[in-house]
Amino acid sequence: MAEAPATLNPAQLAAVHHLEGPCLVLAGAGSGKTRVIVHKIARLLQAGLEPRQIAAITFTNKAAAEMRERAKQLVGGRAAKELAISTFHSLGVRLLKTDGSRLGLKEQFSIFDSDDVLGVLREAGGCNDNAIARRWQWTISLWKNQGLDSDAAALAAADDDERIAAVVMKRYEERLAAFQAVDFDDLISLPLKLLARDAEAREKWQGTFRHILVDEYQDTNAVQYDLLKALVGEHTPFTAVGDDDQSIYGWRGATIENLKRLPQDFPRLKVIPLEQNYRSTGNILRAANNVIAQNPKIYEKKLWSEFGDGEPVRLLECDSEEHEAERAVARIQAMRGDDARVAWSDFAILYRANHLARVFEKKLRQAQIPYKVSGGQSYFDRAEIKDLCGWLRLLVNPDDDPAFLRAVTTPKRGIGHQTLASLGEFAGKWKTSLFEALFSPTLATSLKGKAIDSLHEFGRYVNDLEERAKHARGAEDAKALMLGFLKDIGYEQHLYDGEESEKLAASRWSNVLDFVDWIARRAGGDEDRPEQTVLEVAQTIAVIMSLAERSEDQDVVTLSTLHASKGLEWPHVVLAGVNEGLLPFRAGEEEMTPERLEEERRLMYVGITRARRTLVVSTLRRRKKGRELVAAVPSRFITEMKLNESTGREDPRERLAKLRAALAAKASAPAPSAD
Ligand SMILES: Nc1ncnc2c1ncn2[C@@H]1O[C@H](COP(=O)(O)OP(=O)(O)OP(=O)(O)O)[C@@H](O)[C@H]1O
Ligand SMILES: [Mg+2]
């Protein structure tokens, strides 16, 4: 998305020039909301604000990177670099890194991702059942998002299940504190706590930003809204942009109430609608409007486009997932052809359910078309990458227990389950981290000599590696250190030992080398970033691995979940698997409440409105359910698009007939008079 210092329409200009008070831009997809934010940043700089005084909040790290890029084109690299553009979570990290000590947090705390949390919960609850642990995770997260700690949760618990969850939560909190770790919810709630309780910190942070801009406002949850309010205080103006029709994170606690609360909490709020869509052709826009019209309207919005109708929206009916992928890929290949003006990155394949990506990946690989997967299992979710990240995290924070467990067992080094269990017991008793426990003289008395020796050897190696990581600066040194480290721990052999197929092991190893290159590149710096040490790179990785995808600019086809496609646009989009059960998604025999259906419909709306010039909606006649093939029903959303009523699915014969009729009518009409 290029961001030339070009035009803005009058409504966009009004939003950009409203600098003083709170401002809400409430408008449909592709109407230039994000563009308003980027241009407003430029305007604020013009008005004399320093870049670091402007905070822009996006929904994902990827969106943050993209926004910085768009800002760069308007205001230049130097200013763009200093802007405080981040997600709510990264902003929370910044607050905690700076002032977490005021809450008793160490400067180098760890951030537990969802897997880490599950591990801790299983251990804290003495239960190996992932389903139960996940339920705890969900309940605890909900409590935390309501601002409850375990004591408050124990009082609020409504039944036995919740009472148990509250007990587990208590132990979970203790472990997090002992590990000096926080989870994702803490990244918002702890900064909020800080600002609420600590007047000095509050004053400082409220003075830090002189304007705060929030993109995708409809998907903030209650705690995020509170954090925004705490940062804004009495005086800081802010600009929120959003679209209630694109609210798709209700399942994660995002609440449309936040839209309603704004005018109540900020009576001076200026609400600006935008109505012109600059993204999509008429046919695409009409299909989108038709679908969303089926949802009850909270805010009436109009959306029109100056572009012509464009190509009709196409419906592909496919026999199976394989067939669907084949056809989509063939179409992409044909459209790109030898046309140098068409790039791979002009195409996106979007789907509701992750598992649909796999077959597309295979077909794209076969066709040797470069692609990336976003929103699903990303690179960083692969086991080998997690192994390496575990090691890096341990270097950053030796008290990071999940990282410790991952590193100490990858590869296996004669430290068995029993030893680790004793270590864990010891650490639990003394409320220390596993790493700290390892060097305790008392531990040595309760473990066998050989076990203690292995543990000590591991501990010394970690310390030594950390020391070296502190000094390995720049690409070359970083690469040498990483390769040396992999050799030390015998990781390549470990992959071949563990993998049944050599091919798989080789592919894992090549992922590892790719990861090493990535670390080296980051350590090497560039014109925007100075050289870094391996340890510094490692510090950012804990956050990046779970919150972001690699945002390198590449000419690749995008495979993405609908959720992860929010805010983005492509010239050509394929919406895959548009079937009942898949979109709207329905797990098992789950009951489809009207609210759920409405959220699914908003997802469909988000999907359609990602397309600029062509849109293919593909639907399956049969689909896989487990290992079986079952008959599949086209999604109700396809009917709701009303493709027949636009030029969408008009039969060529029908069009010909219409043309003939029109010609005939013309022929029989009286000839225009000469005057
Ligand atoms: N006034 C304008 N003139 C020309 N192009 C514009 C204008 N406003 C927006 N655009 C273009 O329209 C497209 C959509 O804009 P943008 O991504 O800002 O919309 P949005 O409202 O944020 O969409 P979404 O709801 O999907 O996030 C972009 O390519 C943008 O550059
Ligand atoms: Mg946007």
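Basis for what follows: all heavy atoms, side chains included, without hydrogens, waters or symmetry-related copies. As the structure is a computational prediction, the values presented were derived from the model and not from experiment. In each ligand, atom 1 is the first atom listed, and ligand 1 is the first ligand listed.
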Worksheet, complete the sentence: One finds that the ligand 1 atoms under 4.0 Å from a non-hydrogen atom of Arg610 are 26 (O)

Worksheet item: Would you say Leu568 and ligand 1 have an N/O pair spaced under 3.5 Å apart?
Response: no

Discussion item. Would Gly32 count as a polar contact of ligand 1, with the cut-off being nitrogen or oxygen pairs under 3.5 Å?
Written reply: yes

Fill in: Candidate with minimal heavy-atom separation from atom 21 (O) of ligand 1, of Glu66, Lys33, His39, Gln12
Lys33

Discussion item. Could you tell me, atom by atom, which parts of ligand 1 come under 4.0 Å of a heavy atom of Leu8?
Written reply: 1 (N)

Discussion item. Please check: side-chain N/O of Gln246 versus main-chain N/O of Asp243, any donor-acceptor pairing under 3.5 Å?
Written reply: no

Worksheet item: Considering Glu569, Arg35, Gln218, Arg279, which one's heavy-atom position lies nearest to atom 17 (O) of ligand 1?
Response: Arg279

Worksheet item: With a 4.0 Å cut-off on heavy atoms, does Asp243 reach ligand 1?
Response: no

Practice prompt. State whether a side-chain donor-acceptor pair under 3.5 Å links His211 with Thr239.
Written response: yes

Practice prompt. Assess Thr609 for proximity to ligand 1: is some non-hydrogen atom of it under 4.0 Å away?
Written response: no

Worksheet item: Would you call Asp244 and Arg602 a salt bridge, taking side-chain N to carboxylate O under 4.0 Å as the test?
Response: no

Worksheet item: Is it true that a side-chain atom of Ser280 and a backbone atom of Ala611 form a donor plus acceptor pair closer than 3.5 Å?
Response: yes

Discussion item. Give the atom numbers and elements of ligand 1 that come within less than 4.0 Å of a heavy atom of Arg70.
Written reply: 18 (O)

Worksheet entry | Gly28 backbone acceptor or donor facing Asn277 side chain under 3.5 Å | no

Item to complete: Please check if the distance between the ring centroids of Phe347 and Tyr371 is under 6.0 Å.
Response: no

Practice prompt. Would you mind telling me if ligand 1 is within reach of the side chain of Gln276, the backbone, both or neither, using heavy atoms under 4.0 Å?
Written response: neither

Worksheet item: When you check the gap from the basic side-chain N to the acidic O, do Asp183 and Lys144 get nearer than 4.0 Å?
Response: yes

